[in-house]
Amino acid sequence: MSDIPKAYEPGKIEKKWYDFWLSQGYFIPGVDRDKKPFVIIMPPTNVTGELHLGHALTATLEDIMVRWQRMQGAPTLWLPGTDHAGIATQVVVERQLAEQGQTKAEVGREKFIKLTWEWANKSRRNIRLQHQLLGASCDWTREKFTLDDGPNKAVRTAFVRLYDKGLIYRGERMINWCPRCRTALSDLEVEHKDIVGHLYYIRYPLTQRKGFVTVATTRPETFLGDTAVAVNPADKRYKNLIGKSVTLPIIDKEIPIIADDAVDTSFGTGALKITPAHDPTDFEVAQRHNLRLVDIMNPDATMNQNAGPYQGLERFACRDKVLADLKDKGLLEKIEPYSHSVGHCGRCQTMIEPKVSLQWFVRTQPLAKAAIEVVKEGRVTIIPERFTKIYFDWMENIRDWCISRQLWWGHRIPVWYCQDCGKVMASVDELKACIHCGSRQLIQDPDVLDTWFSSALWPHSTLGWPEDTDDLRYFYPGSVMETGYDILFFWVARMIMMGLEDTGEIPFHTVYLHGLIRDESGEKMSKLRGNVINPSEAIGKYGVDALRFALTTGTSPGNDTSVGESKLESSRNFVNKLWNASRFILQSMDAEGLEALPVQLQLERIEDQWINSQLNRLVKSVTGLMENFQFGEAEQQIYDFVWSKFCDWYIEIAKIRLRSQSTPSPLSFLTSILEKSLRLLHPFMPFVTEELWQSLLRAQRGNFVLGSAHDGTIMMPASIMMAPYPIADDKAFAPEAERVMDSVIEIVRSIRNVRAQYKVKSSKWIEARVYTGELLSSLIAEAGMIETLAKVRPLTILDRQRRESAKDKELVLVLKEAEVAVSLAGMMDRLAEEQRLARESGEIKEKIAQLDARLRDNAFLSKAPAQIVEKERQKLAMLEDKLNRLHQELSQLSSSSSDS
Ligand SMILES: [Zn+2]
Ligand SMILES: [Zn+2]
């Protein structure tokens, strides 16, 4: 007996099946040297807290790929992991300390790192549980963390190799500096905001003679660090001043006036103050002209000794003081309002300070060269293709990568400074003594590496590199790197560069980029807007399968996708539809005592041939779509098949046959289509398909043979996730059967529409005639089916040639291969219908009068926004149109009544 419950309750079965898969070791790949494995290394999740919908999308897409590949028989590895996430995590723990009134300086480095580890471990457990909740079939026995010993050794090894090759250097360069976090930041960690500020015009007195050069700046306090004034050599206004100098006010410092082509003559006065230590463009000018760098700020953005009388002031207080002093001296010419984009720390929102700082850098150009080549040669493919151009643009203009961070949480830079001989040493293993002079006075660099440095090694460090492990040999290079398009440069490009550099091989052959998730109106999801969907809540309400389906169906790579309650609801409806259909089939199996399927299914009836043909076409199409990473479209097609063909038509037709106990019974075939549909759906909806599969297994008592002879006779495996993915059988295509069934469906649908339109009771039989050409004999053969499905009797099917002229009381529907004439007489209670139509048109007339008055009201017209007025006009037009159609129906009704 099948014991399938009436309603599907996802919460009751999801954990059960996940635990079952886990306990059976299904997620662990079997190593088969003769087979090419399929490998996805999961983008490491930041240990900063809860998973959001973007993580759920990543996990779902990757799970779809690995479940599909596993069902196709590839040894499949999906390796999960987490990222220590440097600054992001450090800021979280700093905040927790702040809540207890403590700072990280007070607790000290060692204790702080210990606290951060505790937080990270808690987060990792949470992240693992949330991925398991989503059904992620990853190999937890191989789970990695970027700070694990293995990846940590990989980081040190990669660093030392680059250092030895001269590809890592320490130097003074312009970086983004967060004065609160007191660290360098990558461009990714900087958020740009438009700010309405001011442009200050400051006069610099000429040294050699009377007069001024006026410069314009948004940051007047930086004048303390100026080392030149630059003008464009073509600018006639300043021609005579090039080579002369000005004296900086207040601090009385003489600086030269230089000429540089980069100066934009239209900005401000055309004379540019050059502050090389605090502005990226000025830094470049300074490099060309050999200008000194004068750093005027401490790490916390207070002014240092180079700021003379302003030393100790905070940067904005300094700005006020500088402006007041300049004004006193008559050197502040004017102030204009000015909007510009200002960088802020992405973690703490403090305004960043562009600053020259002594940091570690990777010389990226030589690495980028190889990374460009492999994409050009097609060894690495980026999906969607349009991102390839963006990749090239970025890689061809790559700048050196600042990899040091003034943080505590992360991979400590493996560099030691000898206090005795002054030498600098990079080493994979901890150095106890100087390798040059033997001194034990060594100090390790206090900084840590940019979190993206360890992420860049992720595809090989997770598999054991730099050791020569079995995993590295078998699973590297990986197959697909799936991630968001927003980190193509920051992460994907770096993985390609570092993979090639460290292993000599590409890290993966395909980059699959997904888009962002937006709400139903296309807005970005954010806590501020209050439109965030929490994955755990969505799972509680709709079930995992519905969430996965809503996130991925109908989407395509690289495009943003909209998700909201209505999409979740319709996905849940689909799960329920599948559930109800399966329940019906399972109960029928019980009733018939069907315990085993015949290996060779007989497709005697036209609807059997039709659904079998449609299914095989679907399998063929889905296979092609999956191979081209079009998962969203594949899902959409499976959805359409299951809902609109299998459930809506085939099962309904089969029900008629089962009720009349006609032979052959459609049950074996129903079951076969169901189990193939389950297998098709499994990668997308793992839980409901497993639950139904298990019900089928129980119903079949293990006698189940998969599919028709075409798929071979395979006993049903103990879990659907180990069953083979369906393969299309071209021989099953039946164009004739499809043509007939398409016509049958069209006829039935058109009659049902008429019945709905005229509100005919579902129990009432109506009369219809069908005229057709080539399909005459086929349609006559299916007359019984049409009669029952459309509730028409008598149904007459005639040759088009013998068509009688249409009668007034007939409604004629013109279809693709047939015309259907439905008799209106007797279809409804005429009087009641007349009353209904009259009532409806009365209501509409009233509404029209109201709207009309409103649109003539000048007060309304002058006050209301144009689009509101336009909307009202449209409403009025629609109502008038409807009234018209009601009148037509009324007159049709009265003419048919006078006829009869
Ligand atoms: Zn910050
Ligand atoms: Zn030494």
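In this text the structure is predicted, and so the values were computed from the model without any measurement. For the single chain, residues carry numbers from 1 onward in sequence order. First listed ligand is number 1; within each ligand, the first listed atom is number 1.
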Report yes or no: does E189 contribute a side-chain atom to a donor-acceptor pair with the main-chain N or O of G346 at less than 3.5 Å?
-> no

Give a yes or no on whether a salt bridge exists between E191 and R347, defined as a side-chain N under 4.0 angstrom from a carboxylate O.
-> no

Note: SG(C421)-the Zn ion (ligand 2)-SG(C437) angle, rounded to 10 degrees, equals 110°

At the Zn ion (ligand 1): angle between C178 atom SG and C181 atom SG, to 10 degrees = 110°

Answer yes or no: is there an ion pair linking K114 with E118, defined by an N-O contact shorter than 4.0 Å?
-> yes

Where the side chain of T302 meets the backbone of E314, is there a donor-acceptor pair that is under 3.5 Å apart?
-> no

From the list F112, W408, F145, ring pair (Phe, Tyr, Trp, His ring centres under 6.0 Å) with W117 holds only for F145

Row for the Zn ion (ligand 1): angle SG (C348) to SG (C345), 10° precision, value 100°

N, O or S from H436 under 2.8 Å to the Zn ion (ligand 2) | no

SG (C418) to the Zn ion (ligand 2) to SG (C434): angle, nearest 10 degrees?
-> 110°

